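Everything numeric here is computed off the predicted structure, so don't read it as measured data. Chain identifiers are assigned alphabetically (A, B, ...) following the order of the sequence lines, protein sequences preceding nucleic acid strands; residue numbering begins at 1 within each chain.
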Number of protein chains: 2
Amino acid sequence: MNDKFFDLPKEKQERIINAGFRVFSRNSYKKSPVQQIADEAGISKSLLFFYFKNKKELFLFLMKKVEEITTQALLASKCYEASNIFDMMYLGLQAKVGIMKDYPDITNFSVKAYYDDDPDIRDDVRKIVQPYTQLETNQSIPPLDPKDFKEGIDLRLMYRDMYLASEGYIWQMSQTGVIDVARILQEYKEMIDFWRELYARKENT
Amino acid sequence: MNDKFFDLPKEKQERIINAGFRVFSRNSYKKSPVQQIADEAGISKSLLFFYFKNKKELFLFLMKKVEEITTQALLASKCYEASNIFDMMYLGLQAKVGIMKDYPDITNFSVKAYYDDDPDIRDDVRKIVQPYTQLETNQSIPPLDPKDFKEGIDLRLMYRDMYLASEGYIWQMSQTGVIDVARILQEYKEMIDFWRELYARKENT
DNA sequence: ATGGTATTAACCGATTCGGTCAATGACACA
DNA sequence: TGTGTCATTGACCGAATCGGTTAATACCAT
């Protein structure tokens with residue numbers, strides 16, 4: 001790709017990136033016209049081909065951009081340093097909501113790209129996604145110390161409950177399109193506090 | 001449309017319907033080729049145009065089919081007659097899983113169709129979906145009697161928790177594609193029993 | 001004016017699309 | 001075997017769309 005892309009004003013770069021996320025998230029790779037990306041970015045198709053030598057390069061650039069954005073945001077959120085599972089989940093979702101405010105279609109884009117089996121891109125996508133797959137805040141249960149929680153709670157099911165509800169949250173958000181960060185975070189905080197009250201052991205010395 | 005479609009063996013009808021769900025769920029209406037639907041259904045494009053006079057008619061037929069399938073399945077599940085919220089949610093999800101076994105792409109299809117704003121179909125889609133939108137097992141909280149649940153539980157948040165987790169469940173399912181009904185229902189039953197233990201008042205006379 | 005850079009309109013060959021239609025296959029009955 | 005009926009298809013069409021190129025233009029500092 002042409003490095004002059006990075007000399008563009010940040011705002012224009014992001015307009016192009018978001019246009020790419022948006023168009024590629026609505027159709028498969030093959031069925032996503034470069035022309036439409038250019039239109040939504042407010043530039044000409046020729047200019048897009050000036051910065052990216054072809055459609056594939058643009059697509060893979062966006063793919064890598066997803067990885068960069070998410071890893072950086074999760075790191076900055078300090079969710080990995082949280083002292084308990086509730087803060088951890090809140091910070092994690094806070095980071096994701098922040099991302100989706102700046103890049104509303106990034107979630108749908110990455111899901112779509114991941115499952116696209118077009119031979120033109122399939123292998124390259126796998127290669128980019130692979131190291132990133134394991135790291136992600138995942139369905140795998142983090143280490144939980146039973147003495148932090150009320151007695152008799154099945155920690156496996158507790159975590160599954162919270163994990164699935166969070167996924168449901170993000171999914172709803174990615175569908176409706178409207179992302180009111182403040183409202184969403186306040187609602188999610190209610191949810192987290194509800195869980196904390198429900199699950200956490202209080203009489204902690 | 002040509003009524004002879006309904007004279008076809010049920011299995012062939014369903015093959016065509018599922019092919020339609022699948023193709024239309026992966027791309028927008030405009031970008032979904034009729035040829036591909038015919039291929040996945042194992043028939044010729046000409047035959048598809050024999051049963052449906054054009055692409056739009058086929059699409060709207062599928063749209064109505066979604067409504068028919070879901071309302072009928074939810075009714076048959078008797079989830080509306082359940083005596084408590086836990087049974088109700090279980091029966092509801094059981095019905096949806098059953099649907100997704102027979103029609104793996106129906107969820108993604110209906111979501112995609114709902115948000116497709118192609119002027120060729122937009123208005124007709126709204127017209128079909130409208131009466132169906134209100135009925136659906138929704139985010140709106142069903143009437144819950146506080147004396148059925150443990151004291152101090154915020155019923156609004158309790159329901160939101162369960163609702164979102166269920167949505168998360170369905171979303172995960174619709175993505176992975178593999179639908180192992182038995183395993184999923186057993187896992188969900190675990191989840192429901194966990195909630196019942198957590199939320200329901202036990203010392204019921 | 002001049003020179004360099006960012007940006008575009010116009011264009012191209014190839015492909016794909018929705019839709020049509022004449023031809024073929026399958027099967028029943030004579 | 002001949003014939004009629006009906007389901008099904010291959011081949012085709014004009015129009016539209018696609019990715020990508022290129023020569024020309026707009027912009028701006030000197």
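Comparing atom distances between the A:Lys4 side chain and each of C:dA6, D:dT9, C:dA10 picks out C:dA6 as nearest.
Heavy atoms of other residues, nucleotides or ligands lying less than 6.0 angstrom from CD of A:Glu197 number 12 at most. For A:Lys30, the NZ atom sits in a loose shell: 12 or fewer heavy atoms of surrounding residues, nucleotides or ligands are nearer than 6.0 Å. Heavy atoms of other residues, nucleotides or ligands lying less than 6.0 angstrom from CD of A:Gln72 number 12 at most.
With hydrogens and angles left out, the side chain of B:Lys45 and the base of C:dG19 share a donor-acceptor pair within 3.5 Å. In terms of polar N and O atoms assigned as donor or acceptor, the side chain of A:Ser44 never comes within less than 3.5 Å of the base of C:dA9 in a complementary pairing.
The interatomic distance linking B:Leu48 (CG) with C:dC17 (C1') rounds to 14 Å, in whole Å. At whole-Å resolution of the value, CG in B:Leu47 and P in D:dT9 are 5 Å apart. Distance, A:Asn2 CG to C:dA6 P: 9 Å, rounded to whole Å. Atom pair A:Lys12:NZ and C:dT8:C1' shows a separation of 11 Å (rounding to whole Å applied). The CG-C1' distance, from A:Asn54 to D:dG20, rounds to 9 Å in whole Å. One interatomic measurement links the two molecules: CG of B:Leu8 to C1' of D:dC6, which rounds to 13 Å at whole-angstrom precision. We find that NZ of B:Lys55 is positioned 15 Å from P of C:dT16, with the value rounded to whole Å. Put simply, CD on A:Gln35 is 10 Å from C1' on D:dT17, counting in whole angstrom units.
No contact: B:Leu58 has no heavy atom under 4.0 Å from any strand. A:Lys31 comes within 4.0 angstrom of the backbone, heavy atoms only, and of no base. Heavy atoms of A:Lys56 sit nowhere under 4.0 angstrom from any nucleic acid atom. At a threshold of 4.0 angstrom between heavy atoms, the contacts of B:Tyr51 are confined to the sugar-phosphate backbone, with no base atom among them.
Between A:Phe86 and A:Tyr199, the angle of the ring planes stays under 30°, which puts this pair in the parallel group of the 30/60° scheme.
Comparing A:Lys53 and B:Asp7 by the nucleotide of DNA chain D whose heavy atom lies nearest to each, the residue mapping closer to the 5' end is B:Asp7.
Within the structure, every side-chain polar atom (N or O) of B:Lys30 is placed at least 4.0 Å from both OP1 and OP2 of C:dT16.
Seen from the ring of B:Phe50, B:Lys4 does not count as a face-on cation partner, given the 6.0 Å and 45° thresholds.
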